[in-house]
Amino acid sequence: MEDFELSAYIGKQIKSLREKKGWTTQDLADKLHTSRVTVTRYETGARKANQDMLYKMSELFNVSIDDFFPPRDNEKQRSETVEQALSHVMSFDGKPVTDHDRAILQQIAEAYLKGRDQDEGDQ
């Protein structure tokens, strides 16, 4: 993947994650202690975010730094963890789903799946 394509891909990921949080470019800029223009340039691929900035964003978005980059092997689908799957849930029954809600849902899902795995082992 060429530099420009990678910058554009990372920019799309940043924009997508920002929008999932319901943040404006100014909201993200404030959290990163940078300008709105800089965030816009990251999102369009016109400017490359350095490793420190990507790390800060991964913490803000509660994702792995790997989530900013394309999969290494396009033929293989990356399996989502429960946490990653729940990060896409933005609302339920017309009400927003908070980070606290997601944490509780993650605990429930993981407890269920662990119990299911134990039940399958008993059969």
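- Atom CD1 of Ile10 sits about 12.0 Å away from atom CD of Glu5, to the nearest 0.5 Å.
- The CG atom of Asp101 sits 10.5 Å away from atom NZ of Lys95, with the distance rounded to the nearest 0.5 Å.
- Atom CE in Met57 sits 15.0 Å away from atom CG in Asn62 (nearest 0.5 Å).
- Contacts classified as ring pair (Phe, Tyr, Trp, His ring centres under 6.0 Å) and involving residues 36-61 (residues at least two apart or in different chains) are given here: Trp23-Phe61.
- The hydrophobic cluster containing Tyr112 does not contain Ile104, counting ILVMFWY residues as joined when their side-chain heavy atoms lie under 4.5 angstrom apart, directly or transitively.
- Grouping Ile, Leu, Val, Met, Phe, Trp and Tyr by side-chain contacts under 4.5 Å, direct or through others, leaves Val37 on its own.
- Within 6.0 Å of the NZ atom in Lys21, the count of heavy atoms belonging to other residues, nucleotides or ligands exceeds 12.
- With Val39 as reference, Leu28 is the one residue of Thr44, Asp27, Asp30, Leu28 to meet the side chain to side chain contact (heavy atoms under 4.5 Å, CB included) rule.
- If you take CD on Gln13 and CD on Glu43, they are separated by 11.5 Å, rounding to the nearest 0.5 Å.
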Please step through side chain to side chain contact (heavy atoms under 4.5 Å, CB included) for the pair Ser35 and Thr38, ending with a clear verdict. CA-CA 5 Å; Ser35 72; Thr38 297; 2.9 Å; yes
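- Annotation: the span from Met53 atom CE to Leu60 atom CG amounts to 10.0 Å, rounded to 0.5 Å.
- The distance from the CD1 atom of Ile14 to the OG1 atom of Thr40 is 11.0 Å, given to the nearest 0.5 Å.
- Applying the side-chain contact (heavy atoms from CB on, under 4.5 Å) test to Asp52 and every residue at least two apart in sequence or in another chain returns Asn50.
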